[in-house]
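Accompanying notes for the structure given below.
Quantities reported herein were computed from a predicted structural model and do not represent experimental measurements. So that the names make sense, note that chain A is the first sequence line, chain B the second, and so on, each numbered from 1.
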Amino acid sequence: MEYNFREIEKKWQQRWVEQKTYKVAEDDTKKKFYVLNMFPYPSGAGLHVGHPLGYIASDIYARYKRQQGFNVLNPMGYDAYGLPAEQYAIQTGQHPAVTTEANINRYREQLDKIGFSFDWDREVRTCEPGYYHWTQWAFQQMFGSFYCNSCQKAQPISKLVEHFAQKGTEGLDVAQSEELNFTADEWNAMTEKEQQETLMNYRIAYLGETMVNWCPALGTVLANDEVVDGVSERGGFPVVQKKMRQWCLRVSAYAQRLLDGLDKIDWTESLKETQKNWIGRSEGAEVQFRVKDSDMEFTIFTTRADTMFGVTFMVLAPESELVAQLTTAEQKEEVEAYLDRTKKRTERERIADRKVTGVFSGSYAINPFTGEAVPIWISDYVLAGYGTGAIMAVPAHDSRDYAFAKHFGLPIIPLVEGCDVSEESFDAKEGIVCNSPRRPHPSLPQGEGVKTSAIDGQNNSLPSLAEGQGEGLVLNGLTIKEAIAATKKYVKEHGLGRVKVNFRLRDAIFSRQRYWGEPFPVYYKDGMPYMIDSSKLPLELPEVSKFLPTETGEPPLGNATKWAWDVQKGEVVDNTLIDNVNVFPLELNTMPGFAGSSAYYLRYMDPQNDNALLSQKAAGYWQNVDLYVGGTEHATGHLIYSRFWNKFLYDLGVSMKDEPFQKLVNQGMIQGRSNFVYRIKDTNTFVSHGLKGQYDVTPLHVDVNIVSADVLDVEAFKAWRPEYNDAEFILEDGKYICGWAVEKMSKSMFNVVNPDMIVEKYGADTLRMYEMFLGPVEQSKPWDTNGIDGVHRFLKKLWGLFYSRTDEYLPTDVPATKEELKCIHKLIKKVTGDIETFSYNTSISAFMICVNELIQLKCRSTEVLRLLTTLIAPFAPHLAEELWEMLHSDGLPVTSVCDAKWPEYNESYLVEDTVKYTISFNGKARFTLDFPADADNATIESTVMADEQSQKWIEGKTPKKVIIVPKKIVNIVL
RNA sequence: GCCCAGAUGGCGGAAUCGGUAGACGCGCUGGUCUCAAACACCAGUGGGGUAACUCCCAUCCCGGUUCGACCCCGGGUCUGGGUACCA
């Protein structure tokens with residue numbers, strides 16, 4: 001009987017469905033294990049061979065854990081909202097729901113062929129009301145919460161309102177957009193609208209006026225991680241900066257917790273590093289600068305407090321509110337021209353063109369340490385969104401300030417002993433501080449009302465600072481680190497500013513001007529947003545006549561005619577009924593892609609629950625994800641957002657764990673292996689790869705599916721495209737050899753390999769094992785169908801242990817021999833260890849070696865074959881089920897191999913009788929000798945010394961040293 | 001620019017603690033079977049010299065530590081990824 005994979009796979013896939021083999025439920029008698037894949041966006045192109053890589057890896061692990069007795073949750077679903085379906089809808093009028101559904105069905109069909117152990121009863125789709133109900137609910141909870149810094153936790157906004165009513169902002173330590181100060185009386189005197197607007201400053205989901213990445217071509221805003229090199233990640237359209245009122249999530253409030261949490265989870269160091277950089281914690285100081293001839297003051301942030309004596313100018317971001325206040329009348333025109341110019345530049349232009357630009361505001365700031373008046377400039381190298389949007393420039397020790405100073409001829413004052421700043425700035429934080437304090441700089445006038453900090457000649461007297469500011473500061477002689485600390489302390493003690501930690505992580509912009517996303521459960525009354533009653537959720541996405549923005553530039557939901565909220569009835573009603581008394585307009589924006597993917601892992605725990613995101617019981621049992629498998633491209637998007645989202649839900653008591661994904665494995669990308677043919681220029685003649693050097697040729701991509709082992713199927717090529725019908729070929733050795741290259745797998749390179757085709761030709765088990773055999777899961781590697789025969793051959797060999805070529809069923813109840821047991825126990829040890837470390841490729845090698853050995857040994861033992869079948873079940877589940885069934889044809893009750901207990905190896909079978917030692921002289925290996933496994937060092941040494949071959953190498957010398965490494969090597973140093 | 005990861009045969013990749021390279025598979029070469037091809041099976045396969053045991057050279061480059069280095073340390077080259085005026 002042949003290994004008929006088609007029949008076997010069909011049979012078992014059917015049986016798994018019928019018997020609901022992979023259905024899981026909470027079971028208090030078993031320990032849980034939660035395996036999760038990053039759910040796919042169902043694109044129109046279907047799956048290629050790279051997509052299932054991670055799913056196969058996690059499926060193997062899930063099956064392995066199940067065999068170890070764990071209750072394994074291994075769900076799958078679809079991230080169903082997204083731009084491509086909407087773009088397609090705009091072009092064709094086809095409703096995104098329709099295309100999405102069709103794509104999902106295609107994905108499902110493809111996935112089902114591969115034999116995953118998913119519990120499909122738990123499937124989620126982010127675009128379904130039953131799912132996005134809870135996305136909307138979470139948003140409402142964020143709207144109704146603020147973040148308390150002192151208790152490090154989200155709190156109900158009502159607590160804050162109470163605090164304001166009693167104490168105003170006094171004693172408040174909370175996350176906020178800007179620092180507000182008001183008294184209880186002032187709060188109580190505010191109108192409803194004023195109070196609501198004030199609360200926006202604190203809510204975790206808030207409506208904020210922010211600079212956004214506006215993509216005119218897509219007609220929407222994009223999050224920072226959706227913008228790559230100044231163009232949109234999807235489509236590659238230009239992006240400009242624009243100020244808009246948008247929903248935002250106060251992710252920044254959680255910055256410290258997001259950073260600290262990284263220490264508690266089992267992710268790769270490089271991914272943690274990426275997140276650390278993205279969060280970007282920096283410790284520094286905020287220092288106040290007075291404006292000369294004015295009572296104005298402004299604050300800057302610096303991490304280099306030690307460079308206070310090197311400040312020679314100040315710079316404001318063009319978008320800073322200070323610009324208008326500090327621009328003098330005579331500079332006004334020039335400043336406005338500059339602002340206009342910078343506003344017009346797209347993000348991309350700014351990146352491409354790093355010219356130094358800037359304009360003088362006309363005002364001066366007074367350095368509180370030197371009393372000098374330094375000019376205030378405006379330049380786009382300072383960002384409005386970071387720190388305070390204003391900096392003190394120290395050209396000697398910051399390369400950007402240096403470039404600016406050189407360009408505009410501003411003074412440069414070095415502050416580190418022996419540093420040379422004639423050509424470039426000295427940015428390193430090492431060396432000994434000098435010039436602090438120092439003599440006044442001749443080109444920097446003294447500010448009014450501030451005493452001089454002059455040092456006369458060699459007199460090292462302290463500089464006197466602004467009146468009432470106490471003792472001066474001496475940094476000279478300190479290391480930079482010490483100087484930073486000393487200055488911070490001084491700043492704090494003298495009320496010049498405060499010590500401050502800043503984060504690079506920004507709040508997430510949560511509005512998208514799109515149709516195909518979750519609608520906000522929000523209506524507007526008097527210009528202020530209100531949440532619709534949570535008992536009325538979900539608020540379903542309305543139908544629209546077209547998917548483009550309206551003529552007035554409103555988002556696509558502006559096209560909906562039934563998109564108003566009747567507060568009395570608690571339902572969506574026709575827009576014509578809007579009276580702003582009982583019926584109000586609904587929000588027209590929708591939520592971004594990451595909204596639906598931020599808590600889906602929680603929903604899998606209890607996917608059909610209509611009363612809550614999930615029950616406390618389900619949450620208590622499943623806790624969090626034990627193993628999360630997905631691509632590294634989500635490092636600064638999804639993996640930040642969902643950690644934030646989970647922490648918020650944790651604060652609410654909904655999620656049980658502070659971190660959602662305990663262990664994370666990043667699967668590598670599968671690249672395509674493209675093939676090329678070489679057309680001789682201006683002809684229809686193609687020359688084989690080895691001879692192309694003799695002609696002037698154009699390489700052309702050729703469909704990899706008509707190439708086998710780099711040999712072109714010439715007839716198939718002629719049939720591929722009409723223009724090649726009469727193509728001619730110059731062959732080598734009678735074959736047309738193609739060139740190849742590793743590229744991204746994509747249609748345009750004709751290198752897409754479809755898993756269905758592989759399954760059809762070789763079977764799912766071969767596909768699964770081959771994908772794992774290609775190399776380590778974490779590594780990117782090219783797909784090369786050529787190697788697949790080896791794995792397929794192995795499965796046939798495995799089958800051959802059960803059926804001879806003459807269709808004789810081989811296994812019998814003969815006792816296993818010592819060699820067979822040794823062989824199989826070695827395998828148990830190897831495979832168990834490999835699965836734990838995701839080294840599936842080496843496990844598969846071990847399987848091949850073991851099966852070959854068993855064939856050599858003519859193994860017939862059911863005992864051994866049962867163990868072998870158990871071990872291979874996670875890798876090749878269909879075949880294993882079939883073999884398992886055959887092994888139980890003796891009348892024993894047949895259960896699925898999925899529940900076959902994972903075996904433990906017995907060390908006693910693995911013990912070797914003798915051990916090989918390599919004998920080396922002066923580190924050069926010469927020969928080997930066998931010793932009994934329990935021989936001691938003294939015996940080994942004396943035997944080696946007496947050995948004839950050794951004597952040849954020793955040549956009568958007395959060895960200086962003899963090193964015996966257990967079971968490996970004897971080295972004799974002469 | 002900064003941060004991270006990596007570099008081993010013709011190819012994908014092995015090598016647990018530093019233990020004397022190249023597991024396993026592909027490809028290639030030769031053989032068996034066949035009218036022939038495919039499949040299958042057997043043998044060989046890092047490079048170089050030799051009739052041969054054996055020997056020499058080989059894990060990106062240079063240097064170091066060690067009896068011994070793909071592995072540890074220092075310097076450099078290249079490739080991939082992240083990030084980009086974050087003060």
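Nucleic acid contact class of A:V394 (heavy atoms, under 4.0 Å, all strands): none. A:S845 comes within 4.0 angstrom of a nucleotide base, judged by non-hydrogen atoms across all strands. Within the 4.0 angstrom heavy-atom criterion, only backbone atoms of the sugar-phosphate kind lie near A:I849; the bases stay farther away. At a threshold of 4.0 angstrom between heavy atoms, the contacts of A:S920 include nucleobase atoms, whether or not backbone atoms are also involved. A:D784 comes within 4.0 angstrom of no nucleic acid atom, judged by non-hydrogen atoms across all strands. Base engagement by A:I963 is indicated by at least one non-hydrogen atom pair under 4.0 Å involving a base atom. Using a 4.0 Å heavy-atom cutoff across all strands shown, A:T636 reaches sugar-phosphate atoms only and no base atom.
Between B:C85 and B:C72, the distance separating the two C1' atoms is 38 Å to the nearest Å. Nucleotides B:A84 and B:G1 place their C1' atoms 8 Å apart, quoted to the nearest Å.
Stems are defined here as 3 or more consecutive Watson-Crick or G-U wobble pairs with pairing distances under 3.5 Å; those involving RNA chain B are B:1-7 with B:77-83, B:10-12 with B:24-26, B:27-32 with B:40-45, B:46-48 with B:55-57, B:60-64 with B:72-76.
Judged purely by distance below 3.5 Å, without hydrogens or angles, the side chains of A:S425 and A:D398 never pair a donor atom with an acceptor atom. A donor and an acceptor atom, one from each side chain of A:T766 and A:Y3, are nowhere located under 3.5 Å apart. Neither side chain, A:S839 nor A:D834, offers a donor N or O lying under 3.5 Å from an acceptor on the other.
Ring geometry for A:W377 against A:F408 counts as tilted: the plane angle lies between 30° and 60°, on a 0 to 90° scale.
The phosphate of B:G13 (OP1 or OP2) has a side-chain N or O of A:Q779 nearer than 4.0 angstrom. One finds no side-chain N or O of A:R793 lying less than 4.0 angstrom from the OP1 or OP2 phosphate oxygen of B:G25. A close approach under 4.0 Å does not occur between any side-chain nitrogen or oxygen of A:Y381 and OP1 or OP2 of B:A87. Between A:N841 and B:A14 there is a side-chain N or O to OP1 or OP2 distance below 4.0 Å.
Checking side-chain atoms of A:E286 against main-chain N and O of A:F301 turns up no donor-acceptor pair under 3.5 Å.
Annotation: cation-pi geometry satisfied between A:R643 and A:W267 (NZ/CZ under 6.0 angstrom from ring centroid, within 45° of ring axis).
Each of B:C67, B:A87, B:G12 was ranked by its minimum atom distance to the side chain of A:T302; first place goes to B:A87. Which of B:A87, B:A15, B:A84 sits closest to the side chain of A:T842 comes down to B:A15. The nucleotide whose nearest atom lies closest to any side-chain atom of A:K781 is, among B:G12, B:A87, B:C26, B:G12.
Position along RNA chain B of the nearest nucleotide to A:K830 versus A:A846 favours A:K830 as the more 5'-ward residue. Heavy-atom nearest nucleotides on RNA chain B were determined for A:G790 and for A:T303, and the one closer to the 5' end corresponds to A:G790.
Among A:K829, A:K822, A:K826, the one residue that satisfies the salt bridge (charged side-chain N to carboxylate O under 4.0 Å, His left out) test with A:E907 is A:K829.
Distance CG (A:N852) to P (B:C41): 9 Å, rounded to an integer number of Å.
Here the two rings, on A:F875 and A:F847, have centers that are under 6.0 Å apart.
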